[in-house]
Visitor: 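Mind having a look at this structure? Questions to follow.
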Amino acid sequence: MAVSGCANLLTSRAIDEFSRSLAEGNTEELRELTSERFAHQALRLPEAGDDFKVLNLPKGKLTVLQTKDLAEDKKHLTVQVGDSDEKNETLEFHLVRPPGERRWVVDDVFVTQSKGEGANPVTKSVTEQMDLLLTVREFLGAWSSGSREDVLAITADELRTALDGLPPTYLQQVASQTVVDVNRKTLRPEAHIDDDIAVVKLSRSRNGLMISLARKEQRWLVTDVRSESRDGGPVTSVSEMASTLQTAVSFLNAYAANDRAAIATAADPAFDRKLAGADLTTIQLPVIAMLASQYEYLPHGDSVDLVMPHNGSKYVVSLLKQTSDKPKGLNKSATYLVSEVTIYENNSSAAKRLSALFTVNAVVEVFAKALIARDR
């Protein structure tokens with residue numbers, strides 16, 4: 001692409017070489033033609049060239065319309081894209097001069113887009129958009145095969161807190177199942193940025209994936225991930241799922257430790273009352289094994305069942321969505337509390353509900369005491 005206009009030779013050359021390398025998808029050469037900031041935010045991954053195509057930057061002849069000195073080593077250029085007889089678009093270039101050098105390099109590119117009739121146009125930074133898209137790639141890589149530290153490092157505070165409370169097996173299952181079926185080689189994300197908040201939509205074979213992010217201290221962090229079924233099935237939120245799992249884990253650990261205060265925090269009030277007078281040590285649950293096994297997460301509108309197999313038996317922890325404005329729970333997202341535990345022994349279809357077992361024991365105990373006392 002030819003560059004003409006009133007810009008001096010060095011700045012014109014910087015834009016010309018940047019545009020040519022971008023058109024060729026030559027990311028190595030782009031690193032030489034851009035600032036350290038641009039390279040770090042927009043070129044840090046090998047797939048950066050593919051994500052530049054997603055931005056769909058305007059192509060055509062470049063004409064420098066205006067040059068403005070922002071500082072001794074920083075310039076702002078307004079550049080027209082396209083021939084004069086076409087519908088032209090403009091790009092805003094920020095150029096900087098590396099210390100001790102005469103040449104100029106690209107520090108950022110700004111694209112102004114129309115939002116429709118009556119709406120004000122929106123100007124977006126290319127480095128910010130690329131930083132977001134590359135963060136999504138880093139998120140997919142970390143959650144598909146990364147360590148616990150990798151999985152947590154790319155999440156915002158509230159989601160990180162919910163995930164950090166999960167045992168290793170649960171955290172690994174949440175992460176890997178969230179990003180399953182996402183083809184990173186043919187990634188075509190749809191990104192929407194509004195100041196420091198963004199939503200990126202990805203397509204999968206069975207459903208879509210909506211990744212919500214927030215910009216914290218100059219980096220994008222994932223605040224939630226939602227799986228949306230194409231056939232109208234339930235929407236699954238990772239933050240809600242993690243909080244629900246954390247509540248179930250807290251309840252099971254409290255049950256094993258006979259910790260009444262912790263049980264009251266994680267249990268639905270009606271279920272808590274059924275356990276209040278029971279001797280929990282009379283019915284043992286294999287909690288350690290349950291928290292180390294793979295689970296099945298089954299949402300049913302206002303309730304969730306967690307199915308945990310162990311030694312031929314199945315343990316189902318049911319949780320009920322709370323309707324209170326200030327639900328009891330472990331954190332802001334914990335809107336589900338344990339409402340029942342059901343045991344299916346040795347692949348039997350006969351259900352043994354924990355509340356019923358303790359109720360039966362209590363009734364038998366009262367009857368036995370009355371019988372011994374001959375108390376009609």
Side-chain angles (χ1 to χ4, degrees), residues 162-178 234 236-238 240-322 327-330 333-364:
L163 292 169
D164 198 25
L166 301 181
T169 302
Y170 282 24
L171 178 62
Q172 182 182 23
Q173 185 173 343
V174 168
S176 60
Q177 288 184 346
T178 297
T236 303
S237 162
V238 167
E240 186 175 276
M241 179 190 297
S243 296
T244 303
L245 289 170
Q246 192 185 55
T247 300
V249 170
S250 177
F251 173 84
L252 291 173
N253 284 329
Y255 184 93
N258 199 15
D259 186 339
R260 295 286 179 170
I263 287 176
T265 301
D268 178 76
F271 186 50
D272 185 38
R273 286 194 294 270
K274 294 176 183 178
L275 301 181
D279 181 2
L280 304 184
T281 61
T282 59
I283 301 178
Q284 300 289 328
L285 295 177
V287 171
I288 294 178
M290 291 167 69
L291 299 183
S293 65
Q294 295 285 307
Y295 64 84
E296 188 176 0
Y297 187 90
L298 303 175
H300 310 288
D302 290 339
S303 65
V304 170
D305 286 335
L306 297 178
V307 183
M308 307 171 187
H310 174 62
N311 280 351
S313 298
K314 286 185 178 180
Y315 299 84
V316 181
V317 179
S318 300
L319 298 99
L320 185 65
K321 188 174 184 179
Q322 304 300 293
K328 218 172 34 163
L330 302 172
S333 299
T335 58
Y336 289 80
L337 297 175
V338 176
S339 58
E340 187 61 88
V341 177
T342 308
I343 305 169
Y344 298 88
E345 293 181 336
N346 300 320
N347 293 319
S348 170
S349 60
K352 295 182 178 181
R353 298 194 310 275
L354 209 58
S355 60
L357 292 174
F358 282 124
T359 301
V360 168
N361 288 345
V363 170
V364 170

Visitor: Show your working on side-chain contact (heavy atoms from CB on, under 4.5 Å) between N253 and V287 and close with a plain yes or no.
Guide: CA-CA 7 Å; N253 284 329; V287 171; 3.8 Å; yes

Visitor: From Y344 OH over to K352 NZ, what is the distance, rounded to the nearest 0.5 angstrom?
Guide: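 Answer for the OH-NZ pair, Y344 versus K352, is 12.5 Å.
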
Visitor: Minimum heavy-atom separation for L163 to V174, with atom names?
Guide: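 Answer, listing the atom of L163 first, then V174: CD2-CG1, 4.1 Å.
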
Visitor: For the CZ atom of R353 and the OG atom of S318, what is their distance to the nearest 0.5 Å?
Guide: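 So the CZ of R353 and the OG of S318 are separated by 10.0 Å.
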
Visitor: Quick check for you: to the nearest 0.5 Å, what is the distance between L245 atom CG and E240 atom CD?
Guide: 11.0 Å

Visitor: Side chains of M308 and L252: does their closest heavy-atom pair fall under 4.5 Å?
Guide: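 Yes - at least one pair of side-chain heavy atoms lies under 4.5 Å apart.
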
Visitor: Closest approach of A242 and L166, non-hydrogen atoms and distance?
Guide: O-CD2, 3.8 Å

Visitor: For Q173, does the CD atom sit with more than 12 other heavy atoms under 6.0 Å from it, leaving out its own atoms?
Guide: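 Yes, enclosed.
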
Visitor: Testing the basics here: between D272 and A264, what is the closest heavy-atom pair and its distance to 0.1 Å?
Guide: OD2-CB, 3.7 Å

Visitor: Taking atom types as modelled, is there a side-chain donor on D279 or T281 under 3.5 Å from an acceptor on the other?
Guide: yes

Visitor: Taking all heavy atoms of V338 and all of A248, pick out the closest pair and write down the distance.
Guide: CG2-CA, 4.2 Å

Visitor: Hey, does I283 have a side-chain heavy atom less than 4.5 Å from the side chain of Y255?
Guide: yes

Visitor: Considering all heavy atoms of both residues, which atom of T342 and which atom of A351 are nearest to each other, and what is their separation?
Guide: CG2-CB, 3.7 Å

Visitor: Using the ring of each side chain (for Trp, its six-membered ring), is Y295 parallel, tilted or perpendicular to Y297, with breaks at 30° and 60°?
Guide: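 It falls in the perpendicular class, over 60°.
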
Visitor: Rounded to the nearest 0.5 Å, how far apart are CZ of F251 and CG of L306?
Guide: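 Between F251 CZ and L306 CG, I get 12.0 Å after rounding to 0.5 Å.
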
Visitor: Could you tell me if the side chain of Q322 sits less than 4.5 Å from the side chain of D268, heavy atoms only?
Guide: yes

Visitor: Okay, side chain of S313, backbone of N346: is any donor-acceptor separation there less than 3.5 Å?
Guide: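 A pair under 3.5 Å: yes.
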
Visitor: Just do the side-chain contact (heavy atoms from CB on, under 4.5 Å) check on L298 and V316 with the steps written out, would you?
Guide: CA-CA 10 Å; L298 303 175; V316 181; over 6 Å; no

Visitor: Determine the minimum heavy-atom distance between V304 and P299, stating which atoms define it.
Guide: CG2-CA, 4.2 Å

Visitor: With a 4.5 Å limit on heavy-atom distance, are the side chains of L320 and F271 in contact?
Guide: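 Counting from C-beta outward, L320 and F271 never come under 4.5 Å.
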
Visitor: Any non-hydrogen side-chain atom of F358 less than 4.5 Å from a side-chain atom of T282?
Guide: yes

Visitor: Is any side-chain heavy atom of Y336 closer than 4.5 Å to one of T247?
Guide: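 T247 vs Y336: side chains apart.
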
Visitor: Taking C-beta and beyond as the side chain, do R260 and L280 meet within less than 4.5 Å on heavy atoms?
Guide: yes

Visitor: Would you say the side chain of K274 lies within less than 4.5 Å of the side chain of S339, judging by non-hydrogen atoms?
Guide: no

Visitor: Please answer whether the main-chain N or O of M290 pairs with a side-chain N or O of S293 as donor and acceptor at a distance below 3.5 Å.
Guide: yes

